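Everything on this sheet refers to the single structure shown next.
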There are 2 protein chains.
Amino acid sequence: MRADARQNYDHLLAVARDVVTEQGADASLRDIARRAGVGLGTLYRHFPTREALLEVLLRASLDELTQKAGELQTSSSPDEALASWFREAVAFAHRYRGVVALMAAAIADPGSALHASCVTVRSAGTRLLLRAQAEGMARADLDGADLFALIGALGWLGDQPSFAPRIDHLLGIIASAVLTKPASSDVKGERRRRIPP
Amino acid sequence: MRADARQNYDHLLAVARDVVTEQGADASLRDIARRAGVGLGTLYRHFPTREALLEVLLRASLDELTQKAGELQTSSSPDEALASWFREAVAFAHRYRGVVALMAAAIADPGSALHASCVTVRSAGTRLLLRAQAEGMARADLDGADLFALIGALGWLGDQPSFAPRIDHLLGIIASAVLTKPASSDVKGERRRRIPP
DNA sequence: ACCTGAACACCGTTCAAGT
DNA sequence: ACCTGAACACCGTTCAAGT
């Protein structure tokens with residue numbers, strides 16, 4: 001990568017971060033190139049699609065989210081881990097307005113530049129969900145795709161100015177549907193062999 | 001209203017119904033005028049905003065939804081009434097792709113042509129919610145705005161091809177968060193005086 | 001009263017021409 | 001290798017000119 005190309009790439013990314021913060025995921029690509037003082041073709045050379053640009057913008061946050069899931073896997077109880085990761089995932093979905101719609105499309109389109117990232121996040125959530133389910137702490141009739149969908153739904157709610165103020169409350173309500181009662185272990189009769197005899 | 005105007009109005013509406021069904025609520029207005037064989041200005045004369053057009057397109061369904069709420073108010077038990085109206089409302093939100101986002105914006109904007117319709121629907125839902133809450137059959141920490149938001153969220157989920165197949169399932173999950181346990185009356189000790197002594 | 005379509009200011013995307 | 005911007009095909013919205 002030539003030095004001038006590298007510089008354009010970096011500057012484009014910095015400007016894109018600002019513009020997408022202001023205008024959302026469907027921001028004008030023309031505007032980004034313009035503000036970066038770069039030809040429109042240069043933007044398309046570095047980021048052939050909108051998804052490719054957003055993938056780079058989101059990568060760091062997505063990695064954090066995946067890493068967080070790994071940490072919670074061992075540091076917290078299954079229900080707390082799932083609950084706080086869920087909260088974190090919804091917060092991520094708020095990073096840029098309109099990003100959830102792109103992610104919803106990307107998860108079903110292997111050709112999207114965002115596909116891999118979305119699958120990774122969904123997998124991270126699935127692992128937390130499975131652990132909670134194994135302990136009877138999460139609804140059994142739910143899979144990773146459902147969890148991903150609910151994160152998306154809450155992300156969308158947060159994107160709507162009329163609903164955003166209630167988003168924490170709505171998150172609590174939906175979380176309560178995912179997490180089953182405390183189900184404090186070994187109380188319903190049949191032990192679950194948390195420590196083998 | 002002159003005869004030719006009336007005819008344009010009606011034809012425009014019929015064409016709009018088709019185009020919005022195909023392309024969603026953000027369909028091209030130009031395309032609608034074109035397919036209707038009418039000048040672009042004619043469309044704007046009859047429907048000064050996109051919301052005005054959709055308001056007419058949705059009015060019948062919205063009225064049905066409000067009426068249905070009234071019927072359920074007396075025909076069903078509070079929890080069943082709320083559950084089945086909720087289902088109906090989500091189905092409505094599916095009528096045209098992308099309509100929920102417009103409604104979310106409209107409910108916060110008194111200037112929108114869709115504002116009144118949205119408020120009416122929200123009120124209808126609020127009444128069903130309050131009745132269920134009075135009987136302890138719905139979560140107490142929920143108001144009509146929250147219910148409206150949840151309907152919107154499910155509508156959005158249904159708009160995403162990747163989530164649409166699971167929409168009935170997700171609806172059940174969210175509905176279970178709104179409806180509290182059966183709470184079969186008079187079981188928790190304090191009666192609620194359903195029939196005055 | 002009502003209709004028309006050009007005009008304006010925007011898009012996304014591509015690609016020949018330049019350095 | 002990389003950059004540029006004109007070109008093309010679209011938008012939404014307005015409004016002078018027509019009937």
Side-chain angles (χ1 to χ4, degrees), chain A residues 1-57 96-99 101-102 105-106 109 111-114, chain B residues 1-57 96-99 101-102 105-106 109 111-114:
Chain A
M1 195 156 179
R2 235 165 60 181
D4 55 344
R6 160 105 267 151
Q7 201 167 5
N8 278 337
Y9 181 91
D10 292 340
H11 189 214
L12 228 19
L13 222 56
V15 170
R17 202 172 296 277
D18 291 346
V19 175
V20 171
T21 298
E22 287 170 28
Q23 307 183 13
D26 53 353
S28 162
L29 298 179
R30 254 195 156 81
D31 200 29
I32 293 172
R34 206 157 34 211
R35 288 211 219 173
V38 129
L40 193 44
T42 303
L43 186 150
Y44 274 93
R45 154 179 285 271
H46 289 302
F47 309 102
T49 65
R50 183 181 294 275
E51 282 75 22
L53 175 58
L54 274 153
E55 200 273 333
V56 180
L57 280 184
Y96 302 113
R97 183 163 28 100
V99 86
L102 281 183
D109 173 19
S112 165
L114 274 167
Chain B
M1 196 155 180
R2 234 164 58 180
D4 55 344
R6 159 106 267 149
Q7 199 166 6
N8 278 336
Y9 180 91
D10 291 341
H11 189 214
L12 230 17
L13 222 57
V15 170
R17 202 172 296 275
D18 291 347
V19 175
V20 172
T21 298
E22 287 170 28
Q23 308 182 12
D26 53 353
S28 162
L29 298 180
R30 255 193 155 82
D31 200 29
I32 293 172
R34 205 156 32 209
R35 290 210 217 174
V38 131
L40 194 44
T42 303
L43 185 149
Y44 275 93
R45 155 180 285 270
H46 289 300
F47 309 102
T49 64
R50 183 182 295 274
E51 282 76 23
L53 174 59
L54 274 151
E55 201 273 333
V56 181
L57 240 37
Y96 301 112
R97 182 163 28 99
V99 87
L102 282 182
D109 172 19
S112 165
L114 273 166

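Keep in mind that what you see is a predicted model, and the values were worked out from it rather than measured. Order of the sequence lines fixes the chain letters, A, B, ..., with proteins taken first and strands second; residue numbering starts at 1 for each chain.
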#### Entry: Interatomic distance where CZ belongs to Arg45(A) and P belongs to dC3(D) [whole Å]
6 Å
### Task
Go through the structure and list residues passing side-chain hydrogen bond (donor to acceptor under 3.5 Å, both in side chains) with Glu55(A), not counting sequence neighbours.
Arg59(A), Ser117(A)
### Query
Within the structure, does a side-chain N or O atom of Asn8(A) lie under 4.0 Å from either OP1 or OP2 of dC3(D)?
yes
### Message
Between Arg35(A) and Ala16(A) (side chain of the first, backbone of the second, donor and acceptor by atom type, cut-off under 3.5 Å), is there such a pair?
### Response
no
### Task
For His46(B) and dA1(C), give me the distance from atom NE2 to atom P, rounded to whole Å.
14 Å
### Task
Could you pull out all residues at least two apart from Val56(A) that satisfy side chain to side chain contact (heavy atoms under 4.5 Å, CB included)?
Tyr9(A), Leu13(A), Phe47(A)
### Query
Looking only at heavy atoms, which two atoms of Ser112(A) and Ala106(A) are closest? And how far apart?
OG-CB, 3.4 Å
#### Entry: Pairing string, 5' to 3', for DNA chain C - Watson-Crick or wobble contacts under 3.5 Å, brackets [ ] where pairs cross, | to another strand
||.|||||...|||||.||
### Query
In whole angstrom, what separates Asp10(A)'s CG from dC2(D)'s P?
14 Å
## Note on the structure
Sorted by chain and residue number, the side chain to side chain contact (heavy atoms under 4.5 Å, CB included) partners of Asp4(B) (sequence neighbours excluded) come out as Arg2(B)
### Message
Using side-chain heavy atoms (C-beta onward) and a distance below 4.5 Å, is Val15(B) in contact with Val38(B)?
### Response
no
### Task
Not counting sequence neighbours, which residues clear side chain to side chain contact (heavy atoms under 4.5 Å, CB included) with Gln7(B)? List them please.
none
### Protein-to-nucleotide contact annotation, 5' to 3' order, nucleotides 6-19 of chain C [B base; S sugar-phosphate only; - none; under 4.0 Å, heavy atom]
-B---BBBBB----
### Task
Tell me, with the steps shown, if His46(B) and Leu12(B) meet side chain to side chain contact (heavy atoms under 4.5 Å, CB included).
CA-CA 9 Å; His46(B) 289 300; Leu12(B) 230 17; 4.2 Å; yes
